[in-house]
Chemist: 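Please find one structure pasted underneath; my questions will follow.
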Amino acid sequence: MEKLKRLRGFQDYIGPQAELLSFIESKARELARRYNLKEIRIPLVERIELYERSSGETSDIVSKQMYAVRRAREEILTPEEIRANAGATREASIRRNNSEENVALRRGDEEESELMVLRPEGTPGVVRAYIEAGLDRTDPEQRWFYCGPMLRYERPQKGRFREFYQFGVEIFGRADAACDAELLIMIDDLRHELGIELDCQLNSLGCPVCRPAYREAVLAFGRKHLEALCEDCHARLERNPLRVLDCKNDYALTERAPKSVDFLCPECKSHLSTVLELLQCAGVKANLNPRIVRGLDYYVRTTFELSAPALGAQNAVAAGGRYDGLVAALGGASVPATGFAIGLERLAMALQAQTEPGHTRPDLAVIALGAAALRRATAVARELRSQGFSVEQASPERTLKAQLKRANRIGARYAVILGDDELARNVALLRDLDKSAQEEVRLDELIDKLKAVFVPN
RNA sequence: GUGAGUGUAGCUCAGUUGGCAGAGCACCGGGUUGUGGCCCCGGUGGUCGAGGGUUCGAGUCCCUUCACUCACCCCA
């Protein structure tokens, strides 16, 4: 039989790795509670139009990173595969897409022509839900967080996966700089609590009033230096000129490019300086960096990125900014909004780069010798668990030696040994595996004895 | 999508000008009639990523392909 392997770019998180992610998620949720953020859970699948209308058709997410789902063909296809429309690739994609989501989709009742996508980011879906619930008109000020997987069709590399978890925050109905600052303070709290060093870069992209002039200036600059720009930048210049700024190839050149800060209207300028001022008051370090542009169309004014230098090429751990026009662009009222998203795996990697992951060990291994002892041991193990102890019952079909070996391997602190001799006298052997010492304990005193041993520390 | 690197036991890796597929760790058993770790002895485990070619003979040379990794792009 051919071994079934996981899909490229997808991960299995086993044991300590999974626990590390859960730990980080629990910290993020506790943070959300302290900032009075309410949870929102939204679908994994949305209509493709949602992303086309919010992220921008020229963004990489929309133009090449989305997993498309089309009910009519019961497939998940990449945009390339849809275009190719070749039988072979279709068969291949059917074979490797028996995911639960996909099975559910087959039973869906969307129109055959409907093209859906697995969410590549959280913000558009959250905004859609916000509008759909009518909150933009009835109760516009909302403070939300979400946590869950996102999917992007990209070439995997260190810190970049096709499925990855994000913890995100979106605040609606607040146009003030204090709200932007609050987001950054929030991220800094989490960073601090986890003991991770992050580098925070901040910029302002201006607003519909002042950005056009800036955009023209960058465009003019690019055209003037067309010769010096790299190939990628030539493409960027026409599609989304601002992105030329975060080109890493021609650093010396883009350094001299026009800076957004110099083009900001008085309102945007004041907004930016207030954000910086409040961050300083709160003791959050952030660098003003005119090169922070962001790939998505919907950002205005404040935009930021937090990176962990230790992670390698994919070092952006969190990013976000203000998106005042998005609610209206998706058919809602004119409500300002601001938010961010954190990549949980990257945060985990940053944390692991600094600290060794701790391994959890069980308290007890219950060892039974013989059928009669097994019956009693099963009851004892359950009782011990109900008292809060972490207990593993070793295989009763193996020798005492092998069971103790198992107990040692899993790092159990004590072994509770129950054989026929002990059973007859209503006792068990309690063996201290660290000290290699053991004593007989009456079964009805076992729990008190163990509590006495474990609780005092 | 582009570029580079790596594929040999469950894991980490040796493998000489082409000549019987190896080590350490892990796992199982024994040394101990019911006592783990350390030690000693033994054992299980491989279509050498896959397919084709050259050759008397290929883990080794050539071609193709797949996978993984890193980087570009982009981003969490």
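All chains are named by letter (A, B, ...) in the order of the sequence lines, taking the proteins before the strands, and each is independently numbered beginning at 1.
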Chemist: Among B:C75, B:U35, B:A71, which nucleotide has an atom closest to any side-chain atom of A:Ala316?
Modeler: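 The closest nucleotide is B:C75.
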Chemist: Just to be sure I understand the rule, does A:Arg406 reach a base, reach only the sugar-phosphate, or reach nothing, if contact means heavy atoms closer than 4.0 Å?
Modeler: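 No contact at all - A:Arg406 keeps every heavy atom at 4.0 Å or more from the nucleic acid.
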Chemist: Rounded to the Å, how far apart are A:Phe304 CZ and B:A76 P?
Modeler: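 These atoms are roughly 11 Å apart.
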Chemist: Does A:Arg398 make a side-chain N or O approach to OP1 or OP2 of B:G29 shorter than 4.0 Å?
Modeler: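 For A:Arg398, the contact criterion (side-chain N or O under 4.0 Å from OP1 or OP2 of B:G29) is met.
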Chemist: Nearest 0.5 Å, please: how far is OH in A:Tyr153 from CZ in A:Arg162?
Modeler: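 If we round to the nearest 0.5 Å, A:Arg162:CZ and A:Tyr153:OH are 4.5 Å apart.
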Chemist: Counting only Watson-Crick pairs (N1-N3 plus N6-O4 or O6-N4) and G-U wobbles (N1-O2, O6-N3), all under 3.5 Å, who is the partner of B:G45?
Modeler: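 WC or wobble partner does not exist here.
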Chemist: Would you tell me if any nitrogen or oxygen in the side chain of A:Gln157 comes within less than 4.0 Å of OP1 or OP2 on B:C70?
Modeler: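 Answer no for this pair, as no side-chain N or O of A:Gln157 is under 4.0 Å from OP1 or OP2.
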Chemist: Take atom CE of A:Met150 and atom C1' of B:A76, then tell me their distance rounded to the nearest Å.
Modeler: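 Atom CE in A:Met150 sits about 10 Å away from atom C1' in B:A76.
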Chemist: Going by an N to O cut-off under 4.0 Å, is there a salt bridge joining A:Arg143 and A:Glu182?
Modeler: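 The answer is yes: the pair qualifies as a salt bridge.
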Chemist: On RNA chain B, check which nucleotide each of A:Leu404 and A:Leu311 is closest to and give me the residue with the more 5' one.
Modeler: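 Closer to the 5' end of RNA chain B: A:Leu404.
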Chemist: For A:Glu121 and B:C75, give me the distance from atom CD to atom P, rounded to whole Å.
Modeler: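 Result: 10 Å.
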Chemist: Return the nearest nucleotide to the side chain of A:Asn315; candidates are B:C72, B:C75, B:G34.
Modeler: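 Side chain of A:Asn315 sits closest to B:C75.
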Chemist: For B:U35, take OP1 and OP2 only and decide whether either is under 4.0 Å from a side-chain N or O of A:Lys401.
Modeler: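 No, A:Lys401 has no side-chain N/O under 4.0 Å of OP1/OP2 on B:U35.
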Chemist: Assign the ring pair A:Tyr323 / A:Tyr299 to parallel, tilted or perpendicular, where the plane angle (0 to 90°) is split at 30° and 60°.
Modeler: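 Perpendicular: the ring planes of A:Tyr323 and A:Tyr299 meet at over 60°.
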Chemist: Rounding to a whole Å, what distance do you find between A:Lys5:NZ and B:G10:C1'?
Modeler: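 So the two atoms are 15 Å apart, to the nearest Å.
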Chemist: Quick one: label A:Glu163 by what it contacts on the DNA or RNA (base, sugar-phosphate, nothing), any heavy atom closer than 4.0 Å.
Modeler: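 Since no nucleic acid heavy atom lies under 4.0 Å of A:Glu163, the category is nothing.
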Chemist: Please state the P separation for the pair B:G43 and B:G52 - nearest whole angstrom.
Modeler: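 That atom pair is separated by 35 Å.
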Chemist: So, is A:Arg8 near the phosphate of B:C68, with a side-chain N or O under 4.0 Å from OP1 or OP2?
Modeler: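 So the side-chain polar atoms of A:Arg8 do come within 4.0 Å of the phosphate oxygens OP1 or OP2 of B:C68, strictly under.
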Chemist: If I take atom CD in residue A:Gln314 and atom C1' in nucleotide B:A71, what distance separates them, rounded to the nearest angstrom?
Modeler: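 A:Gln314 atom CD is separated from B:A71 atom C1' by 9 Å.
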Chemist: Would you say the side chain of A:Arg160 and the base of B:C73 hold a donor-acceptor pair, judged only by whether the two atoms sit under 3.5 Å apart?
Modeler: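 Check passes, donor-acceptor contact within cut-off.
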Chemist: Need the pair for B:U35. Rule: Watson-Crick or G-U wobble, both distances under 3.5 Å, any strand; none if unpaired.
Modeler: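 WC or wobble partner does not exist here.
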Chemist: Nearest whole angstrom, please: distance from the C1' of B:C73 to the CZ of A:Arg162.
Modeler: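 Taking CZ of A:Arg162 and C1' of B:C73, I get 14 Å after rounding.
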Chemist: Where each residue is assigned the nucleotide of RNA chain B containing its nearest heavy atom, which of A:Leu344 and A:Gln11 is assigned the position nearer the 5′ end?
Modeler: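 Nearest nucleotide further toward 5': that of A:Gln11.
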Chemist: Could you tell me how far apart A:Lys405 (NZ) and B:C39 (C1') are, to the nearest whole angstrom?
Modeler: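 Distance check: A:Lys405 NZ to B:C39 C1' gives 12 Å.
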Chemist: Taking any strand in view, what nucleotide pairs with B:G19 in a Watson-Crick or G-U wobble way, both distances under 3.5 Å?
Modeler: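 Here B:G19 is engaged in a pair, and the nucleotide opposite it is B:C56.
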Chemist: Can you confirm whether more than 12 heavy atoms, excluding those of A:Arg29, are under 6.0 Å from its CZ atom?
Modeler: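 Yes, CZ of A:Arg29 has more than 12 neighbouring heavy atoms, counting only those of other groups under 6.0 Å.
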Chemist: Could you give the distance separating B:A58 and B:U54 at their P atoms, to the nearest angstrom?
Modeler: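 Their P atoms lie roughly 11 Å apart.
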Chemist: Answer yes or no: is there an ion pair linking A:Asp448 with A:Lys451, defined by an N-O contact shorter than 4.0 Å?
Modeler: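 A:Lys451 and A:Asp448: not salt-bridged.
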Chemist: With C1' as the reference atom in both, quote the distance from B:G51 to B:G19 in angstrom, rounded to an integer.
Modeler: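 The same atom, C1', in both gives a distance of 24 Å.
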Chemist: Would you measure the distance from the P atom in B:G22 across to the matching atom in B:G5 and give it in whole Å?
Modeler: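 Between the two P atoms, the distance is 31 Å.
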Chemist: In Watson-Crick or G-U wobble terms, both distances under 3.5 Å, what is the partner of B:A71?
Modeler: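 Paired with B:U2.
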Chemist: Any base atoms under 4.0 Å from A:Phe161, or only sugar-phosphate, or nothing? Heavy atoms, all strands.
Modeler: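 Base, at least one base atom sits under 4.0 Å.
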Chemist: Would you classify A:Gln438 as touching base, sugar-phosphate or nothing, given that sugar-phosphate means primed atoms plus P, OP1 and OP2, and contacts are heavy atoms under 4.0 Å?
Modeler: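 The residue A:Gln438 makes base contact.
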Chemist: Rounding to the closest angstrom, what is the interatomic distance between B:C25 and B:C73 at atom C1'?
Modeler: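 Between the two C1' atoms, the distance is 40 Å.
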Chemist: With sugar-phosphate meaning primed atoms plus P, OP1 and OP2, does A:Ile367 contact a base, only sugar-phosphate, or nothing at under 4.0 Å between heavy atoms?
Modeler: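 It contacts nothing in the nucleic acid.
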Chemist: Has the side chain of A:Arg346 got a donor or acceptor atom sitting under 3.5 Å from an opposite partner on the base of B:C75?
Modeler: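 Pair found.
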Chemist: Using the C1' atom as the reference point in each nucleotide, state the distance between B:C61 and B:U2 in Å, no decimals.
Modeler: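 My reading of the C1' atoms in B:C61 and B:U2 gives 29 Å.
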Chemist: Select one nucleotide: of B:U35, B:A76, B:C28, the one nearest the side-chain heavy atoms of A:Ile417.
Modeler: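 Ranking B:U35, B:A76, B:C28 by closest atom to the A:Ile417 side chain puts B:U35 first.
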Chemist: State plainly whether the residues A:Glu30 and A:Arg33 are in salt-bridge range, i.e. N to O under 4.0 Å.
Modeler: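 Yes.
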Chemist: B:C20 and B:G57: how far apart are their C1' atoms, nearest whole angstrom?
Modeler: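 These two C1' atoms come out 12 Å apart once rounded.
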Chemist: Please report, rounded to the nearest Å, how far the C1' atom of B:C75 is from the CG atom of A:Asp60.
Modeler: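 Checked: the CG to C1' distance equals 9 Å.
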Chemist: Checking A:Asp199 against A:Gln201: is there a side-chain donor and acceptor pair closer than 3.5 Å?
Modeler: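 Short answer, yes.
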Chemist: If I compare all heavy atoms of A:Tyr146 with all of A:Gly122, which pair ends up nearest, and what's the gap?
Modeler: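 Nearest heavy atoms, A:Tyr146 then A:Gly122: OH-CA, 3.6 Å.
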Chemist: Looking at A:Glu193 and A:Arg34, is there a salt bridge between them, counting it only when a charged N and a carboxylate O are closer than 4.0 Å?
Modeler: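 Salt bridge present between A:Arg34 and A:Glu193.
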Chemist: B:G7 and B:A50: how far apart are their C1' atoms, nearest whole angstrom?
Modeler: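 Roughly 11 Å separates the two C1' atoms.
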Chemist: Determine which nucleotide pairs with B:G24, using a 3.5 Å limit on both distances of a Watson-Crick or G-U wobble pair.
Modeler: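 In the structure as shown, B:G24 has B:C11 as its Watson-Crick or wobble partner.
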Chemist: Quick check for you: among B:C70, B:A76, B:G34, whose closest atom lies nearest to any side-chain atom of A:Leu369?
Modeler: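 The closest nucleotide is B:G34.
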Chemist: Using a heavy-atom cut-off of 4.0 Å across all strands, would you classify A:Gly159 as base, sugar-phosphate, or nothing?
Modeler: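 Since a base atom lies under 4.0 Å of A:Gly159, the category is base.
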Chemist: Checking all strands, does A:Ala318 fall into the base, sugar-phosphate, or nothing category for heavy-atom contacts under 4.0 angstrom?
Modeler: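 It contacts sugar-phosphate atoms only.
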Chemist: Look at the side chain of A:Glu422 and decide which nucleotide, out of B:U35, B:C28, B:G34, has an atom nearest to it.
Modeler: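 Nearest listed nucleotide: B:G34.
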